[in-house]
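Read the structure below first, then the notes.
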Amino acid sequence: MKTIKIAIAGAGNIGRALLDAIYEQADAFEQKHGVRLRVTGVCNSRGGLLDTAGLSPKKIAEQSAFTPDLAGRNFVQQVDADILVEAGPSDYITGEPGLSYADAAIARGLHVIFISKGAMLLHGTQLLEKARKQGVAIKYRCATASGLPAIDLLERAFANATIEKIEGVLTGTTSFILDKMQSQRCSLTEALTEAQALGMTEPDPTNDLNGKDTACKLLIIANTAFRTQLTLADMSVSGIESVSPEDIATACAEGKTPRLIGSVARTTSGINAAVQLQYLNNTDTLARLNARDKALRIFTREFGETILAGGSSSRDATIAAAMEDLAQIVRL
Ligand SMILES: NC(=O)c1ccc[n+]([C@@H]2O[C@H](COP(=O)([O-])OP(=O)(O)OC[C@H]3O[C@@H](n4cnc5c(N)ncnc54)[C@H](O)[C@@H]3O)[C@@H](O)[C@H]2O)c1
Ligand SMILES: N[C@@H](CCO)C(=O)O
């Protein structure tokens, strides 16, 4: 039986949950794909743990077992692995630490699965080119609305299509907050506290509220669709911080639903990209989403309008998406 060895960089909420899922689903995965998954290394910012025989969640829980400084390039160079999963923080200014992990992993011939967003946002084109030259894959659906198979759709089903516009709801937290403010007449702060308790917000929820989470996800999708390297500087971004219960009540009375919408369109003068609060007709698919769900509306010259909706913002959806990435890599 073939074994695929996995290294996880970033042993936080998602990194640990992925280790649990790989451990618990190893038998079922082997039955489906004929390959045994084994986690052979895990690290956080301060140190790491290696074991070619396989690491269990119990071993990882013992932080004292971590070797100091076995992190970063040191970790990538020493771990015996076929795939590196990068689950560190999302830094939209430097792309680190994801960029350095991916660079080192690709240079060593490892496939890469990104959970964090920064590296693909800022250096996606360059990383994909490096990976192509090395004959390895980069999977990054978890870096952009994990639950929606947007990257797969664009890279496969629409590989030859002419994409004209992509718009959507990409931050479950903002719809959740806006819906709560509408249905319970509560303040934004109260609704945010509830979203945080449900674990759907970013580690720093400011990035959900100010539109940056939506912007970064959409830019990663748009860069795949339009084969560009747009950054936050190319987009006008505003969020929901200043919306009041009164604004929402007025919209509600007019048969409208507030949603934070991101859109990127190809125009004759270039690409127009924006994130802003919009008041949609209640009948609009993007208005009718379940609160934590996301949706993308993709307009192509050949197929018209295609809608992808669902993929609730949650840790479980992200882990399930990472398992899909693992399955796709073992099938290469
Ligand atoms: N929570 C979600 O539902 C979700 C969904 C999709 C993507 N993400 C992304 O997943 C990533 C992780 O989220 P989380 O909730 O697990 O955050 P977290 O803060 O719980 O975990 C991050 C981990 O990364 C580690 N880390 C920091 N710097 C590091 C370095 N240089 N090398 C190795 N490890 C380092 C930290 O020690 C920590 O263990 C974030 O980038 C987030 O944007 C989260
Ligand atoms: N904060 C994000 C989590 C998933 O990236 C959201 O609300 O959709």
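Just so you know, ligand 1 is whichever comes first in the structure, and atom 1 is the first atom listed for that ligand. Side chains are part of it too, since the values below use all heavy atoms of this structure and drop only hydrogens, waters and symmetry mates. All values reported here derive from a predicted model rather than from experimental measurement.
- Checked by atom type, the side-chain pair Q276/S238 shows no donor-acceptor distance below 3.5 Å.
- In this structure, a donor-acceptor pair under 3.5 Å is present between the side chains of D213 and T171.
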For ligand 1, run through the N/O pairs with the protein that fall under 3.5 Å and put one pair on each line.
unit_1, atom_1, unit_2, atom_2, d
ligand 1, 15 (O), N13, ND2, 3.2
ligand 1, 16 (O), N13, N, 3.2
ligand 1, 16 (O), I14, N, 2.8
ligand 1, 20 (O), N13, N, 3.0
ligand 1, 32 (N), Y101, OH, 2.6
ligand 1, 34 (N), S45, N, 3.3
ligand 1, 39 (O), A11, O, 3.4
ligand 1, 39 (O), G12, N, 3.2
ligand 1, 41 (O), G88, O, 2.7
ligand 1, 41 (O), S90, N, 3.1
ligand 1, 41 (O), S90, OG, 2.7
ligand 1, 43 (O), S90, OG, 2.9
ligand 1, 43 (O), K117, NZ, 3.3
ligand 1, 43 (O), E202, OE1, 3.0

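- By the 4.0 Å N-to-carboxylate-O rule, K180 lies close enough to E194 to be salt-bridged with it.
- In summary, E167 and K165 engage in a salt bridge, as defined by a charged side-chain N under 4.0 Å from a carboxylate O.
- For the residue pair T173/T201, the side-chain donor-acceptor check at 3.5 Å is not satisfied.
- Ligand 2 is surrounded by K117, L170, T171, G172, T173, M200, T201, E202, D208, D213, K217, S313, each with at least one heavy atom closer than 4.0 Å.
- A side-chain donor from one of E302 and T162 sits under 3.5 Å from a side-chain acceptor of the other.
- Between T231 and Y92, the side chains place no donor N or O within less than 3.5 Å of an acceptor N or O (distance only, hydrogens not considered).
- A donor atom on one side chain and an acceptor atom on the other are found under 3.5 Å apart for N282 and T257.
- Residues S314 and D316 have side chains that never bring a donor and an acceptor to within less than 3.5 angstrom of each other.
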